[in-house]
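This report refers to the structure that appears directly beneath it.
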2 protein chains.
Amino acid sequence: MITQTEENYIKAIYHLGQQGMETVSTNAIADSLNTKASSVTDMLKKLAEKNYADYIKYQGVILTKKGKKIAVGIIRKHRLWEVFLVEKLNFTWDEVHEVAEDLEHIQSEKLTDELDAFLEHPTHDPHGDPIPDKNGNFKQIEKILLSKALVGSKYQCVGVKDTSSTFLKYLDANEIALGTELKVLHKEPFDQSIKIKLNGLDTTVSQNVAKNIFLKTL
Amino acid sequence: MITQTEENYIKAIYHLGQQGMETVSTNAIADSLNTKASSVTDMLKKLAEKNYADYIKYQGVILTKKGKKIAVGIIRKHRLWEVFLVEKLNFTWDEVHEVAEDLEHIQSEKLTDELDAFLEHPTHDPHGDPIPDKNGNFKQIEKILLSKALVGSKYQCVGVKDTSSTFLKYLDANEIALGTELKVLHKEPFDQSIKIKLNGLDTTVSQNVAKNIFLKTL
DNA sequence: ATAAAAATTTAGATTAATCTAAATTTAAAT
DNA sequence: ATTTAAATTTAGATTAATCTAAATTTTTAT
Ligand SMILES: [Mn+2]
Ligand SMILES: [Mn+2]
Ligand SMILES: [Mn+2]
Ligand SMILES: [Mn+2]
């Protein structure tokens, strides 16, 4: 039996460790879950106790195979629900994350698999993130951040890092969506802002924005 | 802020009080939620404290207007999800209740209303129970239990009281479904079992079964 | 009207998740 | 190599939900 709270911690560890391969610090988890470090320590002991994670005092935590499997299952559900909300229930991409945060904890293998089939086995969620299949497999496509793109090259927008409503609404307002093509015109040395050609016209985005847009080379 | 547990208690009180009009006893709630009476007492104090219910020590509990509104909202979600699972995700009517028990607690007005629209505003769930609309309104159709039906009369099956998987599977095996027409042939005085004509042939059902099938007079 | 039975509440514990403040360990800086 | 700072853990409390066992109230039966 696994609680919703345990699931949220496991998912956070997975994401912070980039697929659960790296060791994750107590404070990083506390920040990402908006809790205090002492609460995290308590939970890490429990997760280790239940064999979802390997944890060494003061040294950080890393998911076990069992923990990774749980994480991928939750992420699969989260992303499938996001697709459902956008494709079937008229949600916009900035509205889905919060609701999916709860729906991802519903325990029913049949529900998940039938939802997957109903949506015709989508491979990516509304933010461009890949959806694990029933066996937990998915391929991360080659993508780079706009902040690391090369001046003069052409790219296609394939994902976002920040999925907050404010950021996604900013992208909407500036007509940046998944699939949008752009060319990097200039990178300002002073503040790292980037000028791009987008839908015919020139736009400048801040470094903060550039660090949250994933691109694929064209 | 309302917890999932509080919601489950409120729903139970609503159902036990037949739309929350009657006073409900501590033990009745404990039975229906599989908890102990002492736990119920604690929760009743809390529900009263939060103005979801009026509670008098030793005298029972009844929902306030605020409590009833919560209850109807949860029931609306529960039944909409049941329709979704059957209509869109290939669940059978005996599989939906358990999952809906969790889905009913997802808090998102947009989700509920869009789901309602996506399903084309269904009026009844897979067990024949009416689905409250956005304002909490619904009409209970005139229905009687098979156990109280008149010998010689014709009826149509419009609902079930027990929604357990075992009971619903029994009905499937005996080809009794919503919409099925039947005629009451005989009521056995000894054990209250009832002989009915169903799909052309004669069947006998126990009193226990008869007490869980709702009929509409034809 | 009493006594016995049933229902309900209280008292005292337990488990999960969280917090603040203090103690400890590790990392960084002189 | 010390000292200082940062990160992490421990100690001790708190809130929600639950339980068992004991006490109280209400109901039922004599
Ligand atoms: Mn979550
Ligand atoms: Mn997403
Ligand atoms: Mn429920
Ligand atoms: Mn139902």
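Treat the numbers as computed from the prediction; the structure is a model and nothing was measured. Order of the sequence lines fixes the chain letters, A, B, ..., with proteins taken first and strands second; residue numbering starts at 1 for each chain.
Rounded to whole Å, the distance from NZ on B:Lys36 to P on C:dA7 is 15 Å. Regarding B:Asp31, its CG atom lies at a distance of 12 Å from the C1' atom of C:dA7, rounded to whole Å. Atom P of nucleotide D:dA16 and atom CD of B:Glu49 are separated by 11 Å, given to the nearest angstrom.
A salt bridge links A:Glu104 to A:Lys11: one of the charged nitrogens lies within less than 4.0 Å of a carboxylate oxygen. Salt-bridge formation is detected for the pair B:Lys110/A:Glu95: a Lys NZ or Arg NE/NH1/NH2 atom is positioned less than 4.0 Å from an Asp or Glu carboxylate oxygen.
Remark: B:Lys143 fails to qualify as a cation-pi partner of B:Tyr155 under the 6.0 Å distance and 45° angle criteria applied to the six-membered ring.
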Nucleotides 5-12 of chain D: protein proximity per nucleotide (B base, S sugar-phosphate only, - neither; heavy atom, under 4.0 Å): --SBBB--
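Under a cut-off of 6.0 angstrom, the local environment of CD1 in B:Ile56 is sparse, with at most 12 non-hydrogen atoms contributed by other residues, nucleotides or ligands.
Judged purely by distance below 3.5 Å, without hydrogens or angles, the side chains of B:Asp94 and B:Thr92 pair a donor atom with an acceptor atom.
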